[in-house]
2 protein chains.
Amino acid sequence: MSNTKMTIREMCDAFDVTPRTLRFYEAKELIFPERQGQKRLFGKRDRARLKLILRGKRFGFSLEEIRQLLDLYHMDDQQQTQLARTYEIARERLADLEARRDEMTEAIDDLRAQLKWGEKMIASVSTARNAAE
Amino acid sequence: MSNTKMTIREMCDAFDVTPRTLRFYEAKELIFPERQGQKRLFGKRDRARLKLILRGKRFGFSLEEIRQLLDLYHMDDQQQTQLARTYEIARERLADLEARRDEMTEAIDDLRAQLKWGEKMIASVSTARNAAE
DNA sequence: ACACAGCTTGACGTTAACGTAAGTTCGACG
DNA sequence: CGTCGAACTTACGTTAACGTCAAGCTGTGT
């Protein structure tokens, strides 16, 4: 299914990014493709991480912030000593996200109100031709 | 009330930005402070716009995108000829915002699920000491 | 008159997130 | 064996969004 390793080009086509971007993310240790000789091979884990990276970018996070978040999603079993601490951080991040979403909802409501005003303007312009107060 | 014009420093203190940032935004035509002689004076409109700018930044919009959005909020009465077109654009932007918010909600749910998994791990680690499958 | 605090305008520096170009390497194919 | 295309490395270029520093104006207190 989605078990097959993908080449860099397949990745680019699938996620609509450039090779440069994938190599850059690897250099920044956001993804860890295997090597078959010279070439990179991207597995399931890398695809999952890339998906999260692109999502994070749409939310306005920096790559460094995204790297932190990725570490929360992909904890390897070594780090269980710091699990509690990690959990703390994750809770904070979650709070951040929720705050942002609420603020975004507010912005949406604002814009929506603005649009209603716009509707009235359009109506008044198309019927008569007076300025509103 | 909030009718008084503010100096650049008052603005900086109020919004936690640097003078450089405000001048930069003016240069990019995001805000339009008056001049009293040499100095800038920021009125109610500029404060409203700055608030939207900072909000937009938290959402991950570029300053150029934000400028477009600001034009939707602050339509001066000249542009009513293009009102319908503006309205179109605003609807698209609104759809963007809603899509982003929904995606963010999804991300929140994901992270929350991850945290529940984390809780279990903490519990199992604190009581016994076996690796989960 | 003088100092000085605060604002101004350049102008150059910096960081993040890639783009782009130049040259190398490697497996497949005629 | 030659070469062709795809992926690789190295390295310099670019854009956005400011930071920082120098040098000059301006009002205000002493």
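So that the names make sense, note that chain A is the first sequence line, chain B the second, and so on, each numbered from 1.
Cation-pi check for B/R100 over B/F61 is met; the charged atom lies under 6.0 angstrom from the ring centroid and within 45 degrees of its normal.
Between the NZ atom of A/K39 and the C1' atom of D/dT9 there is a distance of 14 Å, given to the nearest Å. In this structure, A/R35 atom CZ and C/dG27 atom C1' are separated by 17 Å, rounded to whole Å. What separates CG of B/L41 from P of C/dT8 is a distance of 9 Å, to the nearest Å. Rounding to whole angstrom units, CG of residue A/L22 and P of C/dC18 are separated by 10 Å.
Here the straight-line distance linking atom CG of A/L97 with atom CG of A/L69 works out to 6.5 Å at 0.5 Å rounding.
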### Query
Please walk me through it: do B/D110 and A/K51 pass salt bridge (Lys or Arg N to Asp or Glu O under 4.0 Å)?
CA-CA 13 Å; B/D110 285 4; A/K51 189 175 172 186; over 6 Å; no
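Tested against B/E106 for a salt bridge (Lys or Arg N to Asp or Glu O under 4.0 Å), the candidates A/R58, A/R55, A/R101 yield a single pass: A/R55. Of the candidates B/R49, B/R40, B/R20, B/R40 is the only one forming a salt bridge (Lys or Arg N to Asp or Glu O under 4.0 Å) with B/E26.
When the side-chain nitrogen and oxygen atoms of B/R40 are compared with OP1 and OP2 of C/dC7, none of them lie within a distance under 4.0 Å.
Shown for residues 6-18 of chain B: residues whose heavy atoms fall under 4.0 angstrom of DNA chain C, namely B/I8, B/R9.
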Pairs: protein N or O with nucleotides 13-17 of chain C N or O, under 3.5 Å:
from: C/dA17; atom 1: OP1; to: A/L63; atom 2: N; distance (Å): 2.8

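Looking at heavy atoms from C-beta onward, A/D46 lies out of side-chain contact with A/L22 at the 4.5 angstrom threshold.
Taking a 6.0 Å sphere around CG of B/D109, one finds it holds more than 12 heavy atoms contributed by other residues, nucleotides or ligands.
Residues passing the side-chain hydrogen bond (donor to acceptor under 3.5 Å, both in side chains) test with B/E64 are B/R67, B/Q68, sequence neighbours excluded.
Heavy atoms of A/R23 sit under 4.0 angstrom from at least one base atom.
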